[in-house]
Amino acid sequence: MKKINIKKLSACIYAAVIVLLAFLFFTNDFGLVDIRKTAVITGAGIDVAESGVEVTAQLAVPQPAEDGQTTKYLEVTGGGATVSDALNDINVKTGFYPKLVFCKLILLGESCARRNIIELLNYFFRDDYTHLTPQIAMCAGSAGDMVSSRPAFGSTSTEAIERLLSREAQKSGNVAGVRLKDIGIQTNSRSRACYMPYIVGEGGVAEEEGNASPSDRSDGGSPQESEQGGSGQGKNGAAGEKELVCNRAALFRGGIFAGVLSPEDTFALNALSDNIGQATLSCDVEDRIYSLNLRSCSGGAELRLEDGPRVALAFSALAQITDATGPSSPEADGDGVVHGPVLRDGEDRLKEMFTRLYGELVRLDCDALGVADMLYRGYRDRFDSFGEDVFKNARVECSVSLRSSG
C-alpha cells in the first residue's frame, strides 16, 4: 500500500481553501449594501403635522473615490403616520436606503409637545440597527428647519448640536444632556418623569422662520444638498446662519410635555443630578461681583421620612475666584483665598436656586429629581401610603458647602 504524503496533502488542502476564499471574496458582497445605494443618517428631526409625523433626516452620502469629492450631506423630509413610514418615504424620494447605525442625534420639534414622545421615539427603541446612545433634545419651532439650517459654528447643524451637547458642555452645568436609553429608563420609573435639552436658534432669518410649521415649508420635502466644510447654504442660505443656545431643559411627565426650565433652574437640576465637574457662579458682595469657579462638585437629593417626607438637597464644591468687578489689589486677591462673605453669598445663591427649582417642579407636576424612585427603593413598604406624588407634599431642606481652594 502506497504511503500517503501528509505534507503534500496539507499543502493541497491549504491551496484549495485559499482559492475558495479568493473566489468568494471577488464574487460575493456577503449581503453588504452597495455604498452608492445607501446613506448614513447622522441626525433626525421629528415634527408632528396634521397628516401624522414628518421626519427630516440629514444624510451623509458617500461619494465614489474616483470623483475626488468629499462626503455630501442631504436634508430630506419624509412624512407618514409613523416614524417608520416617514423613513420609508425618504427611501422612496431618494432611492437611498437610510441607515440609523451612526445616528447620533434625535431632535424633537416644538410640535411634538402635542404628542407622547415615547410614541414618537418608539421606532428607535424597536429598531435593531439603532443604538440606545443617540443624544435626545427638543427645540423651539420646527426640528426640520433646525436640522436643515446652516449653523454659525460647524459645517452641519447636527455637528453643531452635537458639540453643544458634548460631555464637556454637560460637565459645565449648562446642558442637561440625555441619551435615548435615559429617556426610556426615566419615563418607565416610578417618578415617570424625564428631561432633555431645549435648543433655541438665535439670529438670522432662521430665527424668524423658527415658528413656521413643517407643512408651510416650500421645499416639498425635496433634498437640500451641501458639501462637507460648510459650503452648502441649507434652506436659509448664508443670511440664515444662526447661533444655537442650549442652556434650558424641557420636562416631560409620562411622556407628555410639562414645561421648559429657565437657565438657572437647569443649572440647579444639573448640580443636583451630580452632572457637574466644573462650573461658574456669580456672587455679589459689597457692590462687587465675583465670578467663582466651582471644582470637585458633588450634589444630590435624598428622601427622608422621619417626621413626614423631607427631601434633602445637598451640594458641595471647592471655590476659586476667577474674576471680579471693581478695583483690585495684589494684597487682597493675590493669596487666592475666597473669604467668608463671598463663600456665604455663593451658598445662599445656590440654596435659593435649589429651592426655586423644587418649587417649579412641583408647579409643573414633574418629579425630575426622582423622589418617587427614592421612596420605592428605600421605603418600598410605605410606597402605597405616600404614592407617586410624594414630592409634592415633602418639605425641602437645602445644604450647601463651598470651601476655598486657596
Side-chain angles (χ1 to χ4, degrees), residues 43-49 52-55 82-83 105-126 130 132-144 146 161 164-165 170 174-200 245-273 275 301 311 356-376 387-392:
I46 303 176
D47 293 294
V48 174
V53 178
E54 288 191 350
V55 176
T82 64
V83 172
L105 172 68
I106 301 174
L107 187 63
L108 303 177
E110 190 175 355
S111 59
C112 293
R114 305 196 301 262
R115 293 274 298 275
N116 190 315
I117 62 169
I118 299 301
E119 296 177 6
L120 298 174
L121 297 175
N122 191 40
Y123 172 81
F124 301 97
F125 285 113
R126 292 173 176 268
T130 304
L132 296 177
T133 56
Q135 293 276 1
I136 308 295
M138 192 177 192
C139 70
S142 169
M146 183 165 290
I161 295 175
L164 285 176
L165 304 181
Q170 295 178 30
N174 296 321
V175 178
V178 294
R179 299 188 180 274
L180 182 62
K181 177 182 178 181
D182 301 324
I183 296 296
I185 293 175
Q186 294 172 4
T187 304
N188 290 282
S189 66
R190 295 293 172 172
S191 298
R192 301 177 59 246
C194 67
Y195 57 88
M196 64 181 64
Y198 188 78
I199 305 174
V200 178
V245 180
C246 188
N247 58 352
R248 292 175 172 85
L251 300 178
F252 298 85
R253 175 175 172 79
I256 304 300
F257 177 75
V260 178
L261 293 179
S262 67
E264 292 77 13
D265 291 339
T266 301
F267 176 85
L269 178 62
N270 291 330
L272 293 175
S273 300
N275 289 333
V311 177
R356 185 174 63 246
L357 167 66
Y358 199 89
E360 186 67 7
L361 295 179
V362 171
R363 185 184 72 83
L364 296 175
D365 189 19
C366 185
D367 184 13
L369 291 175
V371 178
D373 284 339
M374 302 176 200
L375 175 64
Y376 187 78
E388 295 178 352
D389 295 334
V390 60
F391 83 104
K392 290 184 178 180

What do the steps show when you test Val175 against Leu164 for side chain to side chain contact (heavy atoms under 4.5 Å, CB included), and what is the final call? CA-CA 8 Å; Val175 178; Leu164 285 176; 5.7 Å; no
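Taking OH of Tyr195 as the reference point, atom OG1 of Thr266 lies at 10.0 Å (rounded to 0.5 Å). The line from CD of Gln135 to CD of Gln170 is 5.5 Å long, rounded to the nearest 0.5 Å. Taken from CG in Asn188 to CD1 in Ile118, the straight-line distance is 6.5 Å, to the nearest 0.5 Å. Met138 contributes atom CE, which lies 11.0 Å from atom CD1 of Ile46 (distance to the nearest 0.5 angstrom). Atom CZ in Phe391 sits 5.0 Å away from atom CG in Asp365 (nearest 0.5 Å). Considering CG of Asn174 and CG of Asn275, their distance stands at 12.5 Å, rounded to 0.5 Å.
Not one N or O on the side chain of Ser273 forms a donor-acceptor pair closer than 3.5 Å with the backbone of Asn270. In this structure, Glu110 contributes its side chain and Gly141 its backbone to a donor-acceptor pair below 3.5 Å. The backbone N or O of Arg179 sits less than 3.5 Å from a side-chain atom of Asp182, completing a donor-acceptor pair. At least one donor-acceptor pair under 3.5 Å links the side chain of Ser142 to the backbone N or O of Gly144. Using a distance-only test at 3.5 Å, with no hydrogens or angles considered, a donor-acceptor pair links the side chain of Arg114 to the main chain of Val48. Judged by distance alone, the side chain of Asp47 and the main-chain N or O of Ala143 form a donor-acceptor pair under 3.5 Å.
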Output a table of donor-acceptor pairs, distance under 3.5 Å, between side-chain atoms of residues 245-255 and any protein atom two or more places apart or on a different chain; print 'none' if there are none.
none

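Listed by chain and number, the residues in a ring-ring contact (aromatic ring centres under 6.0 Å, His included) with Phe124 amount to none (sequence neighbours excluded).
The side-chain heavy atoms of Asp265 and Leu361, taken from C-beta on, include no pair separated by under 4.5 Å. With a 4.5 Å cut-off on side-chain heavy atoms, Leu261 and Glu360 count as touching.
Listed by first then second residue, pairs satisfying salt bridge (Lys or Arg N to Asp or Glu O under 4.0 Å) with a partner in residues 366-376 number zero, not counting sequence neighbours.
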